[in-house]
Amino acid sequence: MITDVNVNLSRWPFRRLPHDDPAQLVRKLRTSGITSAWAGSFDGVLHKDLASVNRRTVKDCETFGDGLLIPVGSINPMLPAWKDDMRRCREDHGMKIIRLHPNYHGYKLDNPIFGELLGLAVEQNFIVQIALKMEDERVHHPLMQVEMVDTTPLKELVEQHPNSKILIINGMKGLQKNRLIELAKTGNVSFEISMLEAVGGVENVLKLIPVEILLFGSYFPFFYLESALLKMQESELGNFRSNAIFSGNAKRLLAEN
Amino acid sequence: MIRIPNAEIWDLHCHFSGVEGKTVDERIAQLMVYADRMNVDRLVFFMGWPWSTNPDPDEFRRQNDQVIQALTHWQDRAFGFAYLNPMYVEESLAEIDRCIANGPLVGIKLWVSRRCRDEEVDEIINKTAELKGVIYQHTWLKVSGNRETESTPEDLAKLASRHPGVPLICGHTGGDWERGIRAIQNHPNVSIGIGGSDPTAGFVEMAVRELGAERILYGSDIGGRSFSSQLAKVFGAEIPEAAKHLILGQNLKTMMTPILKSKGIQF
């Protein structure tokens, strides 16, 4: 059983990707042993009509997923009616997970609106995914250079919202070690491995954070799916830790919501 | 579990970072544990530590000594390239004599101290080529701006046009691989090293389409990178199995065969 908590539907704006067609994406996930995938949408990064993006995400999950894809809603609190978008995610679509792109949407985590969003997410029982980056900053399109999300304010905000459930995605390469440990200690913040680098990356990061907050994420189809799968082979983890990362932790997180 | 292709894997691009260890012997031993897990057969190491972007001759000699020491117990699996600084041409030529002509190393690594478009680099290229040594040139194309002395794939294309008979490796494919591939495309003596960048899907497919599989070399850039993320670029690519075999090991083996044979190294 493998739950991939970081998958994207639709198209990356700057390049066609292999498997960016939903049928191909699902086929690749299935043949690679993925049994559940939390699927957001690349459209959530730049589109303004997120209600439409979220509807398409749900429809694609239903049409192509056959139970494999769990839809993740995109929310941009800098847009009008974002609270209604959140309500629709929960009430109309039954979503349990939302995905944020603070750097692409133009706000920092110390913006009061993010605190407000976090409060609403707790009320509505959402897991909140925060994407810290989408691409290596060195290879961004020259007209669209976007800095990685600064997580400095997150610890204090999480302490103000003790029931919040946050999953950092695309964060492990740029997140400093002290920040990683600080956020891990809150107990409310989890991480996934798609951008975790260095030899034996998974076994080494588990010297810093508890296994219960580390989840399997691939960032497929932007990254080759094999990258995250191979990381689990490169590290010596044992059955208990492997199972927790591959699916147990994600299932527990989702079941709590 | 991912099915690892039944191919010989030669890793072009390895460093001694990412693991604990006071000595280079301790570090390479740990790195080999990870290499074993990922079925990597042969590894090429260059540069010691701490890293120096513009090393004086004493410093690059010291780092090359670290590499030579590391190979001592791993001659059946590891190769080494000499780290040179083209700001010191005479001393770099002497280092080629010491490490390649009269020592165990089999190629050179040029990093970021001088752009390879400069003609002053030519003597280093000529001497290495005479010895059949492999030539690896780091390249990047950073949208935020390269170091002033950091080479781009366009710089390497200029070097390649001055040395059309010498095989050259475009390290990192310039990082921004969509541009890097096209920049060196018309220089058949240039191969690309695919290591040391994110495992972005489509990279290797484009490279095979534009360059052919024969001009693509797997490398990881461990220990800052993982074997996993870099092998995934090949394992996960939508290309024929035969192309994967070439990229994972056969191409590098072919490129290194002349110097390995001339030095009597078993492989």
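First the proteins, then the strands, lettered A, B, ... as listed; each starts at 1.
For residues 10-25 of chain B, a heavy-atom distance under 4.5 Å to chain A picks out B:Gly18, B:Val19, given by residue number.
The two atoms that bring A:Pro221 and B:Ala201 nearest to each other are O-CB, 3.4 Å, heavy atoms only. The two atoms that bring B:Asp198 and A:Lys173 nearest to each other are OD1-CD, 4.3 Å, heavy atoms only. In terms of heavy atoms, A:Ala198 sits closest to B:Ser226 at O-CB, 3.5 Å. For the pair A:Leu230 and B:Met38, the tightest heavy-atom approach, listed with the atom from each and the gap, is CD2-CE, 3.7 Å.
Using a 4.5 Å cut-off between heavy atoms, A:Glu137 touches chain B through its backbone atoms (N, CA, C, O) alone. Looking at B:Ala35, there are no atoms closer than 4.5 Å to chain A (heavy atoms on both sides), in backbone or side chain.
A:Glu197 places no side-chain N or O within 3.5 Å of a backbone atom of B:Arg225 that could act as its donor or acceptor partner.
Evaluation of the salt bridge (Lys or Arg N to Asp or Glu O under 4.0 Å) test over residues 216-227 of chain A, restricted to residues two or more places apart or in two chains, returns A:Lys28-A:Glu226.
Residues A:Gln233 and B:Phe227 are not in side-chain contact: their nearest non-hydrogen atoms beyond the backbone lie 4.5 Å or more apart. Side-chain contact check for B:Arg37 versus A:Glu234: every heavy-atom pair is 4.5 Å or farther apart.
Atom OH in B:Tyr34 sits 6.5 Å away from atom OG in A:Ser235 (nearest 0.5 Å).
Interface check for chain A: of the options B:Val33, B:Leu141, B:Thr200, the most heavy-atom pairs under 4.5 Å are formed by B:Thr200.
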